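As structure tokens, the structure follows; a few thoughts come after it.
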There are 2 protein chains.
Amino acid sequence: MPPATPPGRTGRPPVTSRAAIVSAARSLIDRDGWEQLTIRKLAAELNIGPTTLYHYVKNKQDLLLLLLNEYAAQMALPDLPEAPRDRIVEVTQALHDMLAAWPWAAEVLTVDGFLGLLDEPALSIVELIVDAAVDHGCTLDQAVDVFRSLWYYTIGEVLVRAHSSRGHADGEHLVQRATFHNLESPRLPRLSAVASRWRALAARDIYRKSLEAFVDGLLAQATAARTGQRTRSAKR
Amino acid sequence: MPPATPPGRTGRPPVTSRAAIVSAARSLIDRDGWEQLTIRKLAAELNIGPTTLYHYVKNKQDLLLLLLNEYAAQMALPDLPEAPRDRIVEVTQALHDMLAAWPWAAEVLTVDGFLGLLDEPALSIVELIVDAAVDHGCTLDQAVDVFRSLWYYTIGEVLVRAHSSRGHADGEHLVQRATFHNLESPRLPRLSAVASRWRALAARDIYRKSLEAFVDGLLAQATAARTGQRTRSAKR
DNA sequence: ACCTGAACACCGTTCAAGT
DNA sequence: ACCTGAACACCGTTCAAGT
């Protein structure tokens, strides 16, 4: 739906808009999966030439960033618990769930300096985590470290699981052909013992449980560092 | 260097071999970076047609797996500390360092069921971590969870940092154009306070420190679960 | 038994020319 | 002011035909 040419403007009227592009991209992803989002297919969806898109977005990365910021703005935050430790867990879990639902976002967010490219809604999630860590007693620097650590864990989990489900979605049967017979070696006693159950174990969702362990470990480490207390970790 | 046709075999002699392909791939990566490793460029390196490669490897994924297993076989393991907790940390750190040096490996390893595709040298690293967790007192299932959690953290860190350095290596200056002015919002007080220092903070290597916090958190959680002790994490 | 070129079905992006 | 087709410089992979 081309917007009406505003008064006082001249020249050929536009056939699309940034908003229409973002919305078309969303429906393309919802319908065919995010792997199908290409500049050319998006243009076809909008009935315009692929090159016309470059008048509205700088490049594909720019388009994904646009999509991501719009998505983050719509994200509903959970109720925030009072205890700072629980706040960190809940907000990080919400961040995880958002990324798990839109795994393409995780791939964009592995680019360097991505934080500087985010709009306020997305940044407010980072703010909440850093703020909660400071409330718990961390210094600002420690709080940033807490966020970064949880970020690595979260994005790693999302990326691995995204690639896993992609394998299932496609016609690829690599998964089923992986016999795990390599696990059955006398030099690998522990793995042999779980070989038959490995797939079932690996399918279990342990994100939340390990997130809590990580948060507790990070906060304890930060406290120990501040009080000069000797911990196992501080030995090194 | 085409191997001599063995006696008792007939037909057109081969112009290359699996070993030659893997070795050419390695030198291509070492020379031009792993993003430059394509089937076509690898074939050019070997002075053969791109399609000939498909007689030796099933597809590109298969080639990367070949490369990965060869790399893992050459990996030197650190001295193993006696304390199980320290052994987990050291082996995971070694795994991290291996992946950090060869970040393309991390991308292969996000495919589902990759464990079933690994050869024994690569699997023995997993074995060491699971074994150390069991030695510490974990059940086998808990030990697998410990490995998976550390794996997510490790691969997340490697992928983010790999994409970061890629941005620096290329002519892209996205990083330098990211002004971080979005961080300077009155609604983001914590981020505003670190905005100017964010880049320096994010460049710090915190992998080891947070790894120790994670391991301690995971082992404490596993112990608490076994002894039925109430912890913060067990509340939920 | 092994190799090959041509072809298929795509990508993101640039750019001079058109309306 | 905006849009376009043609072109550039690539991908991974298949397959019938050749040696």
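Order of the sequence lines sets the chain letters (A, B, ...), proteins ahead of strands, with each chain counted from 1. Keep in mind that what you see is a predicted model, and the values were worked out from it rather than measured.
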Subject >> Exam field: side chain A/Arg148 to backbone B/Tyr207, donor-acceptor pair closer than 3.5 Å >> reply: no
Subject >> Inter- and intrachain pairs under side chain to side chain donor-acceptor pair (under 3.5 Å), touching residues 95-105 of chain B, at least two apart >> reply: B/Gln93-B/Asp97, B/His96-B/Glu157
Original post:
Which class fits the ring pair A/Phe214 and B/Phe214: parallel under 30°, tilted 30 to 60°, perpendicular over 60°?
Top reply: parallel
**OP:** Could you tell me the separation between the CD atom of B/Glu35 and the P atom of D/dC10, rounded to a whole number of Å?
**Re:** 15 Å
**OP:** Would you indicate whether the side-chain heavy atoms of A/Val91 and A/Glu127 approach each other to under 4.5 Å?
**Re:** no
Subject >> Among B/Lys209, B/Arg190, B/Arg197, salt bridge (Lys or Arg N to Asp or Glu O under 4.0 Å) partner for A/Asp141 >> reply: B/Arg197
Subject >> Length of the NE2-C1' vector between A/His55 and D/dA1, whole Å >> reply: 9 Å
Original post:
Rounding to the closest angstrom, what is the interatomic distance between D/dA9 and C/dC10 at atom P?
Top reply: 23 Å
Original post:
Just to confirm, is there a sub-4.0 Å distance from OP1 or OP2 of C/dC2 to any side-chain nitrogen or oxygen of B/Tyr56?
Top reply: no
Original post:
D/dC3 and C/dA16: how far apart are their C1' atoms, nearest whole angstrom?
Top reply: 13 Å
Subject >> Side-chain heavy-atom pair A/Ser210, B/Asp145 within 4.5 angstrom cut-off >> reply: no
**OP:** Can you label the angle between the B/Tyr152 ring and the A/Tyr153 ring as parallel, tilted or perpendicular, going by 30° and 60°?
**Re:** tilted
**OP:** Rounded to the nearest angstrom, tell me the gap between atom CG in B/Leu53 and atom C1' in C/dC2.
**Re:** 13 Å
Under-3.5 Å N/O pairs linking protein and nucleotides 11-15 of chain D:
from, atom 1, to, atom 2, distance (Å)
D/dC11, OP1, B/Thr38, OG1, 3.4
D/dC11, OP1, B/Lys41, NZ, 3.1
D/dG12, OP1, B/Ile39, N, 3.4
D/dG12, OP1, B/Lys60, NZ, 3.1
D/dG12, OP2, B/Ile39, N, 3.2
D/dG12, N7, B/Arg40, NH1, 2.4
D/dG12, O6, B/Arg40, NH1, 2.9
D/dT13, OP2, B/Tyr54, OH, 2.8
D/dT13, OP2, B/Lys60, N, 3.0
D/dT13, O5', B/Tyr54, OH, 3.3

Subject >> Pairwise C1' distance for C/dC2 and D/dA17, with rounding to whole Å >> reply: 13 Å
Subject >> Watson-Crick and G-U pairing of DNA chain D written in dot-bracket, each distance under 3.5 angstrom, with | for inter-strand partners >> reply: ||.|||||...|||||.||
**OP:** Could you give me the CA-CA distance, side-chain angles and deciding distance for B/Val194 and A/Val130, then say whether side chain to side chain contact (heavy atoms under 4.5 Å, CB included) is met?
**Re:** CA-CA 10 Å; B/Val194 283; A/Val130 171; 5.9 Å; no
